[in-house]
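Down below is the structure, laid out as structure tokens.
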Amino acid sequence: MPSNETAAVLTTSKPRAAAEGALLDAAEQLLVESGHAAVTTRRLAQEAGVNHGLVHYYFGSMEELFLQVLERFTERLIARQRAMYASPAPYAEKWREAMAYLDQDRPYQKIWWELQAMAWNRPEFRERVAKVLAAWSDAMRDAVAEALARYGLEDGDLSTEAWVTLIVTMNEGIILERLSGITRGHAELLAGIDRWLASMEERAGRKTVQGRRAGRRRPRGGDHAGA
């Protein structure tokens, strides 16, 4: 049972669902603006328009609240990514769209790295952070596998999982450096990858056309002599 003080807080505050949503929204904004170390319970509650006693009553700790912010934000973006990767567009176009999101998603990226850093010294949070990274890998895996097959790379030295890890790790490095104001070599790297993907797509397209032409030239069964 809640204490008399807590009961008073609950009866004078927004309904629980609304209060939790307000706290998550406020925490998301403050994490982007100031970072987790600067977010106090009172500042968060003031931003959310609720009593500060609700922060720990609903979430147990500020860290749990921050992790839920990250997970909620991730769910929104992963839904967008899955829709993008499920489109019939060539992989090269999906890659360009993903790289554009890499520029647009700076607020999310700041929260992502803020909470990764928080988990460095809090082992109990590492599993939650790892699940977020796994969600990004899972969202792209099928599209990467299809691209490898289309480009004739599925039997190469790198497996699908290795390619996914390479892409995610590269993006993680770019994000971290950008958050620190470092951009050296990024444009050149991304432009080179874009050219390579364009060349792979062009080659795959030529093979598809050649295969169709060969299929049209192949005689049908029963048309050859002696049939």
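Throughout, residue positions are numbered sequentially from 1 according to the sequence presented.
Nearest heavy atoms, Arg141 versus Val164: CA-CG2, 4.0 Å. Closest heavy-atom contact between Glu63 and Phe125: CB-CZ, 3.3 Å. Among all heavy-atom pairs drawn from Glu93 and Ala89, the shortest one is OE1-CB, 3.6 Å. Nearest heavy-atom pair across Ala135 and Ile78 is O-CD1, 3.6 Å. Ala19 approaches Leu54 most closely through the heavy-atom pair CB-CD1, 4.2 Å. Listed here is the closest heavy atom pair of Asn171 and Met99: OD1-CE, 3.6 Å.
Proximity of a side-chain donor or acceptor of Arg42 to a complementary backbone N or O of His52 within less than 3.5 Å is not detected. Remark: side-chain polar atoms of Thr169 are not paired, donor with acceptor, to backbone N or O of Leu166 under 3.5 angstrom.
Between Leu115 atom CG and Thr74 atom OG1 the span is 9.0 Å, to the nearest 0.5 Å. In this structure, CG in Leu70 is found 8.5 Å from CD in Gln116, a value given to the nearest 0.5 Å. Within the model, atoms OH of Tyr57 and CD of Glu20 stand 10.5 Å from one another, a figure rounded to the nearest 0.5 Å. The distance from atom CZ of Arg16 to atom CG of Leu23, rounded to the nearest 0.5 Å, is 10.5 Å. Atom CD of residue Gln81 and atom OH of residue Tyr85 lie 5.5 Å apart, to the nearest 0.5 angstrom. Between atom OG of residue Ser87 and atom CZ of residue Arg82 there is a gap of 14.0 Å, rounded to the nearest 0.5 Å.
Remark: Glu201 does not engage Arg206 in a salt bridge, criterion side-chain N to carboxylate O under 4.0 Å. Here Arg184 does not pair with Glu177 in a salt bridge; the nearest charged N to carboxylate O distance is not below 4.0 Å. For the pair Glu114 and Lys110, the salt-bridge criterion is met [side-chain N within less than 4.0 Å of a carboxylate O]. Ion pairing between Asp25 and Arg72 holds under the 4.0 Å rule for side-chain N and carboxylate O. At a threshold of 4.0 Å, the pair Lys131-Asp138 does not count as salt-bridged, since none of the basic side-chain nitrogens sits closer than that to a carboxylate oxygen. We find that Arg43 and Glu47 are not joined by a salt bridge, their nearest charged nitrogen and carboxylate oxygen being 4.0 Å or further apart.
Taking hydrophobic clusters as Ile, Leu, Val, Met, Phe, Trp and Tyr residues chained together by side-chain heavy-atom distances below 4.5 Å, Trp113 does not share a cluster with Ile182.
A cation-pi arrangement is found for Arg76 relative to Phe73, the charged atom lying closer than 6.0 Å to the ring centre and inside a 45° cone about the ring normal.
Annotation for Glu33: atom CD counts as buried by contact number, over 12 foreign heavy atoms lying within 6.0 Å. Residue-environment remark: CD (Glu127) stays at or below the threshold of 12 foreign heavy atoms within 6.0 Å.
Phe59 is listed as a side-chain neighbour of Leu24, based on a closest heavy-atom distance under 4.5 Å.
Aromatic pair Trp163/Tyr91: ring centres not closer than 6.0 Å.
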